[in-house]
Every structure is written in C-alpha cells, then in structure tokens.
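Please read the structure below before turning to the comments.
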Amino acid sequence: MDDRVAGAISTIWTDPEAVLPQVANPQRRRVPGAYLLVISGSVYTSRLVPDPLNPRNADHVQFALAQADGAPPATLVPAFAAGEGELSIRVESRAALIEQVDWTVDTTRNRNKPVPDIAEQGIMDPPIGVATTVHYSTGETPSTIIVVREGSSRVSHGHYHLGVTAEDVLFSLPRSASAMQAHINEINSSVSKAVEDILPTERAKIRCAVTDFELIIGVVPDVDGAVDLSQAIKARVAQDHLNTKEPWSDEAKYTALAEECLISAHAAGVISTEAEADWLAGRLTSKEAAAHKIVPFMDDRAARAIHLFTTNEPQIHNAVRRPIALVLTNEPTGRPKRPKITTKTKLPLAIELIARERRGAAPEGELGRFRKALTDALPGDLQKRVWRPTKRSPEELYQAAVKELEEVKDERPATTELWVRAAYVLAKHGAISGPRHDEGRGGDRRSASAVIEALADTKPGLRHLRQIIEDDRAGLAPRQVDDNGQPRKDGEGKDMPIDNDFLRTKLAPKDGGPTDPLDPEAGVRGHYRHAVLATKDALRSMEAQMDNLAGLKDDDEVPLIVREGRAHARLLKDKLQELAGRAEDWWERAVEAHGAYNGSSADHEEDEDGGEQEVA
C-alpha cells in the first residue's frame with residue numbers, strides 16, 4: 001500500500017490509535033472463492049464517498065448507444081484492482097466525478113428510504129468500503145478517496161442530514177484540515193446546547209456525524225490468482241443485493257412480532273400478569289391457565305387476542321404499536337412511506353397468536369384455511385367498535401345482544417363480543433367460508449363477515465351464535481337448534497351440524513327474508529330496524545369514500561377534488577343538502593309525534609335528555 005492510499009485511509013478514523021493494531025491482524029470476511037481482509041472502527045461520515053457506480057442505480061444509467069438527449073451524467077466504468085487494498089477507476093475529469101457522485105447520491109436517496117429513518121437513529125449498520133484511486137482523462141492529478149461499496153444509501157442519507165455536497169466529500173473535507181475542523185466544530189456547537197434547544201435538524205446532524213465502518217484492505221483467494229480484489233468486493237455486494245436470502249414467511253414474521261407485542265403490552269400493564277401473557281402466547285394449556293385463575297376457554301383466549309390487536313384504546317394501541325413501528329419496513333416500491341399502524345397491520349398478529357393452538361396439530365393447508373376464514377369472518381370495522389371481552393356466559397351475552405337488537409342501539413358491545421367469539425369457533429370447525437360464486441340460486445357473493453352480520457340482526461341468528469360458543473366449550477361441533485334452543489335432529493336422530501350452507505341458505509339467506517314467523521306489525525318493525533342499520537352503514541360508507549376522495553392528491557399535495565372537482569363538489573353538496581333536509585323533516589315530525597304520544601312537549605323532552613340529541 002503506497003503513501004497516497006495510506007494517507008487517505010488515515011484521515012477517516014475518529015480514533016486512529018484504536019484501529020492501528022488491526023492492520024497487522026485484520027478481520028476476515030468470507031465471500032465465494034476468497035476471504036476479504038477488513039479493519040473496522042468509527043469514522044467521520046463526511047469523509048466517505050457513496051459509490052459513484054452504485055449498482056442499485058444501474059437501471060437508470062443511459063448508455064451512449066441510445067443517444068438520448070438530456071441523459072443523466074452517469075456512466076458505468078469498471079473498477080480494477082490496483083495494488084493491495086486499492087481499486088482504480090478512470091473518469092473524464094474532476095468536474096465529471098463531482099457531477100456523477102452528486103447524481104448518484106440524489107438518485108440513491110430517492111430510491112431507498114432506510115427504516116428506521118437515518119435522521120432518527122443514525123447509520124445503524126456499518127457501511128463497507130475500499131480505498132479507490134481516480135485517474136482523470138484530462139491529466140489532472142489522481143485522487144484517492146474512500147468509496148462505500150455496501151451501504152451507499154445509508155451514507156447518502158447521512159450526507160443529506162450533514163449538509164455536505166459531493167465536492168465537499170470528494171475534495172474539500174478529505175484534503176483540508178481547516179475545512180474538516182470547521183465541520184466538526186459546527187456539530188460540536190450543537191452538542192453543547194441544552195437538550196431542549198437542539199433543533200431536529202441538528203439532532204440528525206449529530207447522529208449522522210460518525211458511523212461504524214468496515215474498510216477492505218486486501219483479499220486472500222482460495223486459489224492464487226483466481227479472485228482479485230475487485231471481483232471479491234462485487235461478490236460481497238451481490239451476497240446482500242443479488243443473491244438475497246429467502247425472505248421470511250408471513251407467518252414467521254407475524255409470530256415474531258406478536259411475541260414482541262405481548263412483551264410490550266405486559267410491560268405497559270395492558271396484560272396484568274405474566275401467566276396471562278403466557279396464555280395468549282400459547283405457552284400454557286387450558287388446565288394450566290385455569291390453575292392461574294384464567295378463563296380457560298379457547299374462544300375467550302381468541303377474543304382477548306383479537307381485542308388486543310384491534311382496539312384503538314390509547315394505552316393498548318400504543319403498547320402494541322411500539323414493537324411494530326420499530327421494525328415495519330417500506331413496501332418494495334421504494335416510495336417513501338411512514339409506518340402506519342392500522343388494524344390491517346395488527347390483526348394478522350392476533351390471528352397468528354390464535355393459530356398457535358393448532359400449529360403442529362393440523363396440516364399446514366388446514367391451518368392456512370383457518371387463518372383466512374377467521375380473518376374474513378370478523379367485523380371489518382372492529383377498530384371503530386366499542387367492546388371488550390367480558391366474563392359473561394354465552395347465555396348472558398345472548399340476552400344482552402337481544403336487548404341491543406330490540407332497542408336498535410348504535411353501539412352493540414354484547415353483539416360484537418358474541419360475533420367475535422362465534423367467528424373463531426366457526427373458522428376452527430370449517431363451518432364458515434368465503435363467497436360462493438355459483439350461478440343462479442346457489443350463488444352467494446357475501447363475505448363471511450356479511451353473513452355473520454346478518455345473523456347478528458335476528459334472534460334466531462343470535463341464538464345460534466350463542467349455541468356455537470356453548471357447543472365448543474363442551475367439546476362439540478356447533479349444532480343447529482330450534483326456537484326453544486334444543487338441538488335439531490335428522491331422520492336418524494343425530495344432531496344436525498351448523499355448516500356454511502345452513503348459515504347462508506337457511507339461517508341468514510341472501511334475500512334477507514325473515515326466519516321467524518312474524519305478525520304484520522312485527523314484520524314492519526323488523527324491516528324498520530334493518531332499514532335504520534342499512535342507512536347508517538351507507539352513511540359510514542359514504543364518509544369513508546369521501547375520505548378516500550379527499551386523499552387523492554396531485555404532486556403539490558393539493559386534493560384533486562379541490563383543484564379539479566368544482567362541478568363534482570357542487571353536485572355532491574346539493575345532494576347532501578337535499579338528504580339533510582329530508583332528515584331534518586323526519587326529526588321535526590318525530591319530535592312532534594313523540595310529544596303527542598307521551599303527553600309532553602319537545603322542549604320537555606330536551607330538558608329530560610339534557611340537551612338536543614343529534615341524529616345520525
């Protein structure tokens with residue numbers, strides 16, 4: 001290694017004395033056909049140069065053959081081994097090198113957003129680089145720089161937060177002690193401030209100022225001459241980016257994340273005891289759970305897991321959110337995306353916790369069907385529902401759910417709890433499945449969730465949801481029952497099971513026909529209840545669609561409905577005003593009618609209720 005290369009290497013370390021002993025005894029990193037020799041330590045990020053030939057951007061490089069006007073200043077020039085621990089490249093000029101590094105940094109940052117954000121965590125994984133001498137066709141004096149060959153994205157983001165340019169890292173900071181000292185002094189001035197006075201941009205600069213780094217200083221091939229330094233480094237980069245490891249399965253990812261969430265929930269006091277955490281994690285049998293005074297029924301465990309991962313109660317949501325947000329990665333589109341923890345993100349973790357009771361006891365295909373069936377059978381708006389698992393028996397839940405149905409309540413916590421518990425049992429026994437796309441009368445394109453929702457809107461449906469839970473607790477498959485709650489028998493005297501066909505065609509037919517004989521007035525009231533619920537569902541759906549409409553934005557983050565939707569917004573406003581007028585008329589007439597039927601005035605009603613009630 002000549003003096004020029006040694007000099008360039010010596011300037012990058014924050015503590016050269018700690019690194020010197022490694023030079024005589026470097027670490028070894030295995031690559032196909034060779035060992036790379038490396039030394040590691042803490043370095044100044046601003047003295048590292050992101051790879052101007054970053055292969056991540058190879059698909060954006062335009063070649064001369066295309067003769068494209070306005071092509072970016074990027075070329076793919078090969079790097080050659082040029083002595084021990086040194087590579088060599090040739091470019092047109094210093095100006096061309098600055099231009100190419102500047103383009104590479106911007107392109108790399110835009111295409112790859114590290115998670116967690118570099119500004120919040122600093123550079124967490126050590127980049128890997130090598131001394132590289134640049135020769136210029138213009139005859140300018142060659143430059144030796146430390147080029148990052150693995151970790152260019154991290155370093156590019158670090159340079160952005162440090163506020164350094166391509167010219168700085170190539171020629172100013174590595175060469176000028178005064179420029180580097182000024183750079184360090186600026187960072188130290190931020191560190192010396194009171195904590196509350198340090199700005200977010202200054203915190204990011206402090207975190208990115210230094211990084212752990214591995215410098216490649218040589219190669220030991222298995223066979224002399226078979227692999228040189230350039231080839232060995234390319235093999236090292238390919239190990240991470242071309243020959244990637246087999247990604248984790250979703251089930252493995254959800255299992256690991258769910259475990260972390262249970263630990264977080266226990267630490268936050270959301271899960272009160274270690275035994276309860278072990279029960280939810282599947283580390284206790286039902287008998288062991290009962291010994292810890294935990295309700296040992298499997299539907300109760302499932303309900304508690306589902307509530308834990310779907311509720312928006314702040315204490316619970318925050319406890320579960322933390323471990324997920326810590327490791328949540330961007331989608332493979334490369335677009336910047338802040339971690340958004342939603343029910344869609346969290347529910348699979350609950351499903352995987354529940355599935356632990358069957359893992360190893362059921363074929364993988366059956367386990368997969370159980371996961372899907374349970375996911376599809378649960379209410380789609382669980383995060384908006386006010387409910388929580390209780391210690392009420394299935395009969396008590398049934399009685400409370402019937403009362404909620406008769407009173408047409410907006411919030412139906414008992415019904416939701418009954419639904420969640422029964423959905424688990426139905427999925428476990430394969431008694432509910434997705435839409436049927438048969439032609440004609442046999443077709444039923446309702447989701448499993450829509451079918452159970454229809455069950456929850458009738459007394460016979462609620463009665464069967466209760467029976468489903470009671471039978472499972474008794475170790476039985478779910479059975480059909482008559483109006484008196486007695487199991488129905490077939491011609492051989494055997495209990496008739498609940499299956500998907502029975503639910504869809506008999507208990508909750510797709511035409512919505514009543515399943516109980518009703519007198520005329522009761523029939524009208526039943527249809528009224530359904531109409532009220534349907535109208536509320538339509539309003540919720542319209543609100544969601546308007547939120548979606550408002551979320552469609554142009555490049556300037558202006559909603560398209562604001563920029564281009566004048567006519568559409570006017571039509572929507574007029575229709576909503578018309579519907580609001582009809583609702584206002586109903587309300588006024590209802591107030592008058594209520595006063596006439598009860599011998600009280602509308603004002604008296606408002607006084608009793610503590611104020612005028614808003615009608616959804």
Side-chain angles (χ1 to χ4, degrees), residues 1-53 79-89 122-135 141-152 154-155 158-159 169-177 179-181 183-184 208-237 239-240:
M1 185 178 295
D2 63 29
D3 291 342
R4 184 190 67 254
V5 175
I9 290 174
S10 68
T11 63
I12 66 174
W13 309 102
T14 61
D15 185 4
E17 296 297 328
V19 177
L20 278 175
Q22 297 182 51
V23 176
N25 188 27
Q27 304 165 53
R28 294 159 68 91
R29 299 284 186 268
R30 183 65 184 169
V31 297
Y35 285 95
L36 286 172
L37 304 179
V38 305
I39 56 178
S40 62
S42 177
V43 303
Y44 295 106
T45 306
S46 53
R47 279 181 163 160
L48 302 178
V49 179
D51 189 356
L53 317 173
F80 298 101
E84 185 177 4
E86 178 189 2
L87 295 182
S88 173
I89 63 173
I123 300 174
M124 298 177 66
D125 294 326
I128 302 170
V130 64
T132 303
T133 298
V134 187
H135 299 275
T141 303
S143 308
T144 299
I145 55 180
I146 308 303
V147 173
V148 175
R149 297 300 301 270
E150 166 55 33
S152 277
R154 284 164 264 154
V155 174
H159 284 181
V169 299
L170 284 167
F171 302 115
S172 176
L173 297 177
R175 300 289 179 268
S176 171
M180 189 64 192
Q181 189 60 54
H183 174 69
I184 295 172
C208 296
V210 299
T211 179
D212 289 336
F213 181 67
E214 291 192 354
L215 176 71
I216 299 169
I217 62 170
V219 62
V220 179
D222 293 346
V223 177
D224 288 342
V227 178
D228 67 15
L229 182 64
S230 175
Q231 294 167 329
I233 292 175
K234 290 175 183 176
R236 172 64 182 81
V237 174
Q239 282 180 314
D240 281 352

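A donor-acceptor pair under 3.5 Å links the side-chain atoms of Gln22 to the main chain of Ser40, judged by distance alone. Judged by distance alone, with hydrogens and angles left aside, the side-chain atoms of Thr144 form no donor-acceptor pair with the main-chain N or O of Thr132 at under 3.5 Å.
Of all heavy-atom pairs spanning Val227 and Gln231, the tightest one is CA-OE1, 3.4 Å. Of all the heavy atoms in Ala34 and Pro221, the pair that sits closest is CB-CA, 3.7 Å. The two residues Ala235 and Pro32 come nearest to each other via the heavy atoms CB-CD, 4.0 Å. Across every non-hydrogen atom of Val130 and Ile216, the tightest pair is CG2-O, 3.7 Å. The heavy-atom pair separating Ala179 from Ser172 by the smallest distance is CB-OG, 3.7 Å. A pairwise comparison of heavy atoms in Ser42 and Val210 identifies OG-CB, 3.9 Å as the closest pair.
Taking 4.0 Å as the cut-off between side-chain N and carboxylate O, Arg4 and Glu86 count as a salt-bridged pair. Between Arg30 and Asp222 there is a salt bridge, with a side-chain nitrogen of the basic residue lying less than 4.0 Å from a carboxylate oxygen of the acidic one.
Going from atom CD1 of Ile89 over to atom OG of Ser143 covers 9.5 Å, rounded to the nearest 0.5 Å. Atom SG of Cys208 and atom CD1 of Ile123 lie 5.5 Å apart (nearest 0.5 Å). With rounding to the nearest 0.5 Å, the separation of CD1 in Ile39 from CG in Leu20 is 8.5 Å. Here the NE2 atom belonging to His135 is positioned 11.0 Å from the CZ atom belonging to Phe80, to the nearest 0.5 angstrom. The line from CZ of Arg149 to CD1 of Ile128 is 11.0 Å long, rounded to the nearest 0.5 Å. The CD atom of Glu84 sits 7.5 Å away from the CD1 atom of Ile217 when rounded to the nearest 0.5 Å.
Residue Phe213 is tested with Leu48, Thr14, Thr45, Val19 for a side chain to side chain contact (heavy atoms under 4.5 Å, CB included); the sole match is Leu48.
Applying the salt bridge (Lys or Arg N to Asp or Glu O under 4.0 Å) test to Asp224 and every residue at least two apart in sequence or in another chain returns nothing.
Residues Val155 and Asp51 are not in side-chain contact: their nearest non-hydrogen atoms beyond the backbone lie 4.5 Å or more apart. Val219 has its side chain out of reach of Asp228: every pair of non-hydrogen atoms, C-beta onward, lies at least 4.5 Å apart. At a threshold of 4.5 Å between non-hydrogen side-chain atoms, the residues Val148 and Val49 do not count as touching.
Residues Ser46 and His183 have side chains that bring a donor and an acceptor to within less than 3.5 angstrom of each other.
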Report the C-alpha distance between Ile233 and Leu87 in whole Å, list the side-chain angles of each, state the deciding distance to 0.1 Å, and finish with yes or no for side chain to side chain contact (heavy atoms under 4.5 Å, CB included).
-> CA-CA 10 Å; Ile233 292 175; Leu87 295 182; 3.9 Å; yes

Go through the steps to decide whether Met180 and Tyr44 satisfy the test side chain to side chain contact (heavy atoms under 4.5 Å, CB included), and finish with yes or no.
-> CA-CA 10 Å; Met180 189 64 192; Tyr44 295 106; 3.5 Å; yes

